[in-house]
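Below is one structure, written out as structure tokens; comments come after it.
Side chains included, hydrogens not; waters and symmetry mates left out as well; all remaining heavy atoms used.
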Amino acid sequence: QVQLMESGGGSVQPGGSLRLSCAISGYSGSNFCMAWFRQAPGKEREGVTSMYFGSGITHYIDSVKGRFTISQDKASNTLYLQMNSLKPEDSAMYYCAAKATVNCFEDSWPNVITYRYWGQGTQVTVSS
């Protein structure tokens, strides 16, 4: 059984940085599309970034390009999200998600319903 557990959320001022971690257990292969989603109160859950473990290919939504970086540590089976230059509009609950697939396709990776495995979420608050 695949389990995901996020950590690293918190409160920061605008312009600050946070690094989120997603510990993956129950699976150590490469045929996984991993993604970070976020959901602010009253809004739909949206895909932020994804990485296909096999190839390392990544995707980002426009609003985080150049500020957020997704990465993986295969040795510890951990997914990371480095968030720099944080803005108030980045405030949300952040979720790690995974699905077994042959790739993180550009047109489908943000689709929430395609992900089978989810973490419990970690809160990020950006405020002065």
Side-chain angles (χ1 to χ4, degrees):
Q1 177 71 12
V2 176
Q3 292 185 322
L4 308 176
M5 182 171 291
E6 305 94 335
S7 61
S11 296
V12 295
Q13 293 186 340
S17 297
L18 282 173
R19 188 176 79 156
L20 306 183
S21 300
C22 174
I24 306 161
S25 61
Y27 182 80
S28 60
S30 298
N31 297 333
F32 254 32
C33 176
M34 300 294 303
W36 288 97
F37 286 78
R38 65 186 179 187
Q39 187 168 21
K43 295 188 176 181
E44 293 187 353
R45 191 169 298 190
E46 69 167 348
V48 176
T49 178
S50 70
M51 171 182 278
Y52 187 66
F53 264 20
S55 64
I57 292 176
T58 60
H59 299 284
Y60 296 90
I61 55 172
D62 287 344
S63 61
V64 306
K65 284 181 179 177
R67 300 189 299 122
F68 290 13
T69 303
I70 189 172
S71 63
Q72 60 172 302
D73 182 341
K74 292 185 177 179
S76 64
N77 220 23
T78 303
L79 183 75
Y80 296 102
L81 180 62
Q82 178 66 44
M83 305 186 294
N84 299 327
S85 302
L86 282 161
K87 304 176 181 181
E89 51 264 42
D90 294 318
S91 296
M93 185 71 79
Y94 281 71
Y95 298 91
C96 175
K99 57 181 175 180
T101 180
V102 298
N103 205 344
C104 290
F105 295 102
E106 185 170 1
D107 59 345
S108 62
W109 73 264
N111 192 339
V112 173
I113 64 172
T114 64
Y115 287 82
R116 178 174 180 181
Y117 305 105
W118 291 86
Q120 83 290 347
T122 185
Q123 179 68 39
V124 172
T125 303
V126 185
S127 174
S128 55

Check whether any side-chain N or O of [X] sits under 3.5 Å from a backbone N or O of [Y] as a donor-acceptor pair, and report yes or no.
X: T49; Y: H59; answer: yes
X: S91; Y: V126; answer: yes
X: E6; Y: Q120; answer: yes
X: N77; Y: S25; answer: no

Find the distance between [atom1] ([X]) and [atom2] ([Y]) and round it off to the nearest 0.5 Å.
X: R19; Y: Q82; atom1: CZ; atom2: CD; result: 7.0 Å
X: Y95; Y: Y115; atom1: OH; atom2: OH; result: 15.5 Å
X: I24; Y: Y117; atom1: CD1; atom2: OH; result: 12.0 Å
X: M93; Y: K43; atom1: CE; atom2: NZ; result: 15.5 Å
X: C33; Y: I57; atom1: SG; atom2: CD1; result: 11.0 Å
X: S50; Y: N111; atom1: OG; atom2: CG; result: 12.0 Å

For the hydrophobic clusters of this structure (ILVMFWY residues joined by side-chain heavy atoms under 4.5 Å, transitively), does one cluster hold both [X] and [Y]?
X: L4; Y: W109; answer: yes
X: W36; Y: V2; answer: yes
X: F105; Y: I61; answer: no

Heavy-atom pair of closest approach, residues [X] and [Y]:
X: M83; Y: L20; result: CE-CG, 3.8 Å
X: Q72; Y: G56; result: NE2-CA, 4.3 Å
X: T78; Y: S21; result: CG2-CB, 4.2 Å
X: G8; Y: L18; result: O-CD2, 3.8 Å
X: M34; Y: C96; result: CE-SG, 3.7 Å
X: S63; Y: R38; result: OG-NH2, 3.6 Å

Can you list the residues that meet the side-chain contact (heavy atoms from CB on, under 4.5 Å) rule with D73, with sequence neighbours excluded?
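Result, side-chain contact (heavy atoms from CB on, under 4.5 Å) vs D73: A75, S76, Y80.
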Quick check on E89: does its CD atom have over 12 non-hydrogen neighbours (other residues, nucleotides or ligands) under 6.0 Å away?
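Yes.
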Please find out if less than 6.0 Å separates the ring center of W118 from that of F37.
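Ring-ring flag for W118/F37: true, centres closer than 6.0 Å.
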Below 4.0 angstrom, N of the basic side chain to O of the carboxylate: do D90 and K87 qualify?
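Looking at D90 and K87, the cut-off is not met.
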Show your working on side chain to side chain contact (heavy atoms under 4.5 Å, CB included) between T58 and Y52 and close with a plain yes or no.
CA-CA 7 Å; T58 60; Y52 187 66; over 6 Å; no
Do the non-hydrogen side-chain atoms of S11 and S127 ever get within less than 4.5 Å of each other?
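With C-beta onward as the side chain, the pair stays apart.
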